[in-house]
J.: 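Please see the structure below; I have some questions.
Chain A is the first sequence line, chain B the second, and so forth, proteins listed ahead of strands; every chain is numbered from 1.
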Amino acid sequence: MTETPASDRTPRARYDAALATSIERAWQDRWEAERTFWAPNPEGGLAEGFDAMAQRTPLYVLDMFPYPSGAGLHVGHPLGYIGTDVYARYRRMTGCNVLHAMGYDAFGLPAEQYAVQTGQHPRVTTEANIANMQRQLRALGLGHDPRRGVATTDVGYYRWTQWIFLQIFNAWYDDTAERARPIVDLVAEFEAGTRDAAAHGAGIAWSDLDDLGRRRLVDSFRLAYVAEAPVNWCPGLGTVLANEEVTADGRSERGNFPVFRRPLKQWMMRITAYAERLLADLDLLDWTDSIKLMQRNWIGRSTGAEVTFGVAGHEDLGITVFTTRPDTLFGATYMVLAPEHPLVDAITPVEWPGAQFDAQHSEIPVAWRGIFGDGVPPAAAVRSYREFAARKSELERQAEGHVKTGVFTGAFAINPVNGARIPVFIADYVLMGYGTGAIMAVPAHDDRDFAFAREFDLAIIPVVRPDDAWLSGHGVAADDASEWSEAFTGVGVAMGSANEGVTLDGLDTPAAKAAIAEWLAAEGLGTPTTTFKLRDWLFSRQRYWGEPFPIVFDDTGLPIALPESALPVELPEVSDFAPRTSDDPDALPEPPLARAEDWVEVTLDLAGPAWAGYGGGPRTFRREVNTMPQWAGSCWYYLRYLDPENDDALVAAGVERYWMDGVRADGSPAAGGVDLYVGGVEHAVLHLLYARFWHKVLFDLGHVSTVEPFQRLFNQGYIQAYAYTDQRGVYVEAADVVERDGAWFLGDEPVNREYGKMGKSLRNVVTPDDIYTEYGADTLRLYEMFMGPLDASRPWNTTDIVGVHRFLQRLWRNLVDEDSGEVHVADLPADDDTLRLLHRTIDAVRGDMEGMSFNTAIARLFELNNHLTQVVAATGAAPRVVAEAITLMVAPLAPHIAEELWSRMGHPASLAYEPFPAADPAFLVVDAVEVPVQVNGKVRGRITVPVEADPAALEAAARADERVAALLEGATVRKVIAVPGRLVNFVIG
RNA sequence: GCCCGGAUGGCGGAAUCGGCAGACGCGGCGGACUCAAAAUCCGCUGUCCGAGAGGGCGUGCGGGUUCGAGUCCCGCUCCGGGCACCA
């Protein structure tokens, strides 16, 4: 042993970054070698070790899996992963068999674009990125089962994504049974005649249909179908985009290219069939109200009525509108169809009507025909308006705000309640995709109709009397809307709404709705209807780096599902990964896979069903060249984690039931599924809605046992960071900025502070590696959990980290001699104060862990450790009972140091499955309690009383207090409030 | 525009039921140890008045309910998020 010079002597076994790192590496290696976090399945290939776990409760903890970006992680990324790991580790110590794994959502545009630039195959960069991310995550000490970490790009994974697609394609929604059923059941019903093809869109009986007719009919029922639908077409990227990939100003999020609404033939998923169940089953879930609300709003259920209007001069035609306010039918002064509405051509006359047609106008007002109908016949006006509307990019649509445009079709509708002739317009403020694509316009009581009516000089007839406050506030009269500055959209009392059969006058809005609904139903003019904002899901992309569809087309152009035996359909090798791009909005999509001619054209011997007529003998087909959206792989990965190596099924039924069965501890009804799902709120709608939809289809078809995938959802907050700009407004390196007297400087130059996301462009990135080097991973974990509640966003502040690092150092020093590295834990009895604090801490920490309030759990552990410091200072050693308990309680949060301490205290095995300390109730009871004494609500003294002291005893004790007695001296006590265990309050006057 | 969520010391935050506001940590101030510094340990730290004892004020703003309000109610302000012609 050599003498260390006193000047730079550091204790050999001080808990610093170097020691932390060596401890952390050693334990990460040991967990891996000992398979500590392998969660055994009850059966199948991953069942090894299950017997030892059989008595434990299965618990499935899940993170929203990441996209393996080339940029690597910053400290904000793992916040949720640390949270789930703490919870999972706690649950392992409280009797659970915990499944926790991490995979990768690895298909997607960044890898593809990088490939386009470099010519390198996206699989190469994707795999390199995954490897880097796994390294960074391993260093955090996350207790994942490494066997289950699938990537969506694995052929063995996307083979099952394709298999699920086939299930969906080969299914239809039975509205009577309210569930999806195999498509063969539908065919059987048609063939047996129990379902009438003629009544379901075919027009003629099943037996009279030819092969093609049958295929078209059946295809129209499928849950996955090809349709011509208006989509976000981005010629600059050469692909269609999902709504969330389009910015608020109508450009592509990536590349900033203009986006156009174009009808294109695309794959769709019939999520709308599930709208009602997706809405109703939210009630079964333990999600926050705000997320449920966002889903409810997205689904957008509204109830009202469909009402059919006649068309003047067309006895055979009727236009059905949807309205939530049938009580305002008498106020309908015109009608609007979406420009694409199928009836527009049929009702548009050859000539403009010339005669008088309403009280206000003796000829067509100029505004009605506007720029589109000026000097041309109605059909030409309609055509040019349609072109105008279609040519507008989303950008222009946003820029013009809500200025109303439209054109009169020359046709008139007949209001069924009063026979009024009302003009029919087309306007793009009416959307084909919602309701019936047609509205009755009641400008007096609808903001949009009001704006349109003012623009086009249309009558505004009030039929709901506004409340007096509204009228006086606007300074207008109820019965003359000509002076109104805006529509009255609230509820009120109906007026001017009567015909021979029904009168609404005098009824309040709900009663009027009911009365008119009854009358409409009786007259056969309308039916109560529910509509949804939710649209079917656009499911194809013109990209290379995604799952190919297991679909081919024959020369009819109709899709044919490949048999399961043809899976996986692997991505072909191509030399050019880019879709064809253009700046012409009329250019057509051309996916990269279309250029792989050898792959696209394929000769197969498909044994198609007899009714479809394409079976038998080798024939040439063309493959679907679109790929699936990135959401596809993320829709079901939680199921594959359960049984990642299963080649016979996406998950074995017994394994799925073991992990997913929904049994709440208190026995209340649960939807089942993942016990805890943690991720960012940015997936509040789309991912979570799509996954719920797929899960329900799989449930209907008998492939999973629960109606919902995620029983409990927890949205973690974001770690944000300060960024600094210099005088020119250029971002400077945040790490180099110093604070002096409340201002910030880079060197001597003052800089401005901003607050936002952590990112390269703001030059404020802090990486986990930076923190490991300075403090170690346990410190990083502890800091991220200590900063605040897991569901709140908060700023990263590197200077605050020392607090938690000092805690770990102090804990270490309380149990380990910094010079020798030997533990100084003694089998001495702890004093009563210490034991009471210990058990109070255990009790509180358990509660905080259950509620995922890790920040307060850590605060409790700080207090216990600070007390332990006193004990060690006084006695020279830590009592074993305290030392072991605090180590076990720290273990979920800072597992490496805890394992090391546990080991040094003489335990050869990992503490991962050690029972979490339990509070002894004997130490939780308190016999005396200090309560405040208030006089007129202000604390004037404190008394210590027995915990069971009744109000009278409390009051007596309070009066005995010197200060209180002085204040009560000579005063009249009006009232005394004495709450046992809480306070005493004297009200004096 | 509509719908959610939030606002507590210099900073991050705590306060499960209407009952001691500010736990715990950072930062700051003071002290011990040291030749000195670092590290460590101890004390103080909402704010104003006061030498002190003590007192006033205090949870975004204005009202209210209550013996008592950070917490409940009404009306605002600001910040964050979602939706945005959905009839």
J.: I need the CG-P distance between A/D446 and B/A84, as an integer number of Å.
T.: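 After rounding, the gap between these two atoms is 18 Å.
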J.: Need the pair for B/C2. Rule: Watson-Crick or G-U wobble, both distances under 3.5 Å, any strand; none if unpaired.
T.: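 With both distances under 3.5 Å, B/C2 matches B/G82.
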J.: Can you tell me the distance, in whole Å, between the CZ atom of A/F450 and the C1' atom of B/G1?
T.: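 After rounding, the reported distance stands at 16 Å.
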J.: Measure CZ/A/R940 against P/B/G54 and give the value in whole Å, please.
T.: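 Going from CZ in A/R940 over to P in B/G54 covers 12 Å.
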J.: Determine whether the aromatic ring centres of residues A/W796 and A/Y718 are separated by less than 6.0 angstrom.
T.: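 Centroid distance A/Y718-A/W796: not below 6.0 Å, so no.
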J.: Taking pairing as Watson-Crick or G-U wobble with both contacts under 3.5 Å, can you name the mate of B/G54, or confirm there isn't one?
T.: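 Pairing partner: B/C49.
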J.: Just how far, in rounded Å, is P of B/G5 from CZ of A/R794?
T.: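 Rounding to the nearest Å, CZ of A/R794 and P of B/G5 are 20 Å apart.
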J.: When all nucleic acid strands are considered with a 4.0 Å heavy-atom cut-off, which category describes A/S302: base, sugar-phosphate, or nothing?
T.: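 A/S302: backbone/sugar contact only, no base atoms under 4.0 Å.
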J.: Give me syn or anti for B/G54, where syn covers glycosidic angles within 90 degrees of 0.
T.: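 In terms of base orientation relative to the sugar, B/G54 is anti.
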J.: Does the salt bridge (Lys or Arg N to Asp or Glu O under 4.0 Å) test come out yes or no for A/E455 and A/K404, once each step is laid out?
T.: CA-CA 7 Å; A/E455 196 79 32; A/K404 297 287 180 288; over 6 Å; no
J.: What does A/N936 touch in the nucleic acid at a heavy-atom separation under 4.0 angstrom: a base, only the sugar-phosphate, or nothing?
T.: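 No contact at all - A/N936 keeps every heavy atom at 4.0 Å or more from the nucleic acid.
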J.: Using modelled atom types only, decide if a donor and an acceptor are shared between the side chain of A/R794 and the backbone of A/G788 within a distance under 3.5 Å.
T.: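 Yes.
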J.: How many Å lie between OH on A/Y718 and P on B/G82, as a whole number?
T.: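 Result: 9 Å.
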J.: Between A/R810 and A/D848, just flag the one whose closest nucleotide in RNA chain B comes earlier from the 5' side.
T.: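 Nearer the 5' end of the strand: A/D848.
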J.: Taking any strand in view, what nucleotide pairs with B/A15 in a Watson-Crick or G-U wobble way, both distances under 3.5 Å?
T.: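 WC or wobble partner does not exist here.
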J.: Does this structure show an ion pair linking A/D16 with A/R14, if we count only N-O contacts that are shorter than 4.0 Å?
T.: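 Here A/D16 does not pair with A/R14 in a salt bridge, since their nearest N and O are not under 4.0 Å apart.
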J.: With heavy atoms under 4.0 Å as the rule, sort A/E930 into base, sugar-phosphate or nothing.
T.: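 Base contact.
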J.: Hey, which of A/F309, A/F322, A/Y334 is the one that makes side chain to side chain contact (heavy atoms under 4.5 Å, CB included) with A/M440?
T.: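 It is A/F309, the one option of A/F309, A/F322, A/Y334 that forms the side chain to side chain contact (heavy atoms under 4.5 Å, CB included) with A/M440.
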J.: For the P atoms, the ones on B/G19 and on B/C73, what distance do you get once it is rounded to whole angstrom?
T.: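 Going atom to atom, P in each nucleotide, I get 15 Å.
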J.: Can you check whether A/Y783 and A/Y775 have ring centres sitting under 6.0 Å from each other?
T.: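 No; A/Y775 has its ring centre 6.0 Å or more from that of A/Y783.
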J.: Heavy atoms only, 4.0 Å cut-off, all strands: where does A/T531 land among base, sugar-phosphate and nothing?
T.: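 Touches nothing.
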J.: Taking the same atom, C1', in B/U40 and in B/U34, what whole-Å distance lies between them?
T.: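 Nearest-Å result for B/U40 against B/U34 at atom C1': 12 Å.
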J.: Please name the nucleotide paired to B/G9 by Watson-Crick or G-U wobble geometry with both distances under 3.5 Å, or report none.
T.: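 Because no pair has both required distances under 3.5 Å, B/G9 counts as unpaired.
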J.: For B/C4, decide between syn and anti, treating a glycosidic angle within 90° of 0 as syn.
T.: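 Anti, angle beyond 90° from zero.
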J.: Within the structure, does a side-chain N or O atom of A/Q870 lie under 4.0 Å from either OP1 or OP2 of B/C42?
T.: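 Checking B/C42 against A/Q870, a side-chain N or O does come within under 4.0 Å of OP1 or OP2.
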J.: For A/D447, report the nucleic acid contact type (base, sugar-phosphate, nothing); a contact means any heavy atom under 4.0 Å.
T.: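 The residue A/D447 makes no contact with any strand.
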J.: Within the 4.0 Å heavy-atom criterion, would you say A/L431 contacts the bases, only the backbone, or no part of the nucleic acid?
T.: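 Base contact.
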J.: What nucleic acid atoms does A/F786 come within less than 4.0 Å of, heavy atoms only: base, sugar-phosphate, or nothing?
T.: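 A/F786: base contact, heavy atoms under 4.0 Å.
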J.: So, OP1 or OP2 of B/G25: does either fall under 4.0 Å of a side-chain N or O from A/N866?
T.: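 Affirmative; the distance criterion is met.
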J.: Rounded to whole angstrom, note down the C1' distance from B/G6 over to B/G12.
T.: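 Here B/G6 and B/G12 have their C1' atoms 16 Å from each other.
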J.: Taking B/G56 as the reference, what is the distance to B/G1 when you measure between their C1' atoms (whole Å, please)?
T.: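 Comparing C1' positions in B/G1 and B/G56 gives a spacing of 46 Å.
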J.: Identify, between A/L293 and A/V802, the residue whose nearest nucleotide on RNA chain B lies closer to the 5' end.
T.: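 The 5'-side residue here is A/L293.
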J.: Starting at atom NZ of A/K975, determine the distance to atom C1' of B/G68, rounded to an integer number of angstrom.
T.: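 Taking atom C1' of B/G68 as the reference, NZ of A/K975 is at 10 Å.
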J.: Can you find a side chain N or O atom of A/K938 that sits less than 4.0 Å from OP1 or OP2 on B/C57?
T.: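 Checking B/C57 against A/K938, a side-chain N or O does come within under 4.0 Å of OP1 or OP2.
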J.: Students often get this wrong, so: under 4.0 angstrom with heavy atoms, is A/R806 touching a base, only sugar-phosphate, or nothing?
T.: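 Touches sugar-phosphate only.
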J.: Quantified in whole Å, what is the P atom distance between nucleotide B/A23 and nucleotide B/C11?
T.: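 About 15 Å, rounded to a whole number of Å.
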J.: Determine whether the aromatic ring centres of A/F854 and A/F786 lie less than 6.0 Å apart.
T.: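 Distance test on ring centres: not under 6.0 Å, no.
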J.: What integer distance in Å separates A/F986:CZ from B/C67:P?
T.: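 For the pair A/F986 CZ and B/C67 P, the rounded distance is 17 Å.
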J.: Which base, if any, makes a Watson-Crick or G-U wobble pair with B/G75, both distances under 3.5 Å?
T.: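 By the stated definition (distances under 3.5 Å), B/C61 pairs with B/G75.
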J.: Ignoring hydrogens and geometry beyond distance, is the side chain of A/N985 in donor-acceptor contact with the base of B/C67 at under 3.5 Å?
T.: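 By the distance-only test, yes, there is a pair.
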J.: OP1 or OP2 of B/U40 less than 4.0 angstrom from a side-chain nitrogen or oxygen of A/Q809, does that happen here?
T.: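 Yes, A/Q809 has a side-chain N/O under 4.0 Å of OP1/OP2 on B/U40.
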J.: Looking only at side-chain N and O atoms, does A/R860 come under 4.0 Å of OP1 or OP2 in B/A14?
T.: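 Checking B/A14 against A/R860, no side-chain N or O comes under 4.0 Å of OP1 or OP2.
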J.: Could you state the CD-C1' distance from A/E682 to B/G5, rounded to the nearest angstrom?
T.: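 Going from A/E682 (CD) to B/G5 (C1'), I get 17 Å.
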J.: Can you tell me the pairing partner of B/G30 across any strand shown, Watson-Crick or G-U wobble, with both distances under 3.5 angstrom?
T.: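 Pairing partner, where one exists within any strand: B/C42.
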J.: Taking the six-membered ring of A/Y722, is NZ or CZ of A/R753 closer than 6.0 Å to its centre and within 45° of its axis?
T.: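 A/R753 over A/Y722 ring: yes.
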J.: Remember a base hit wins even if backbone is also touched, and classify A/V430 as base, sugar-phosphate or nothing at under 4.0 Å, heavy atoms.
T.: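 Base contact - A/V430 has a heavy atom under 4.0 Å of at least one base atom.
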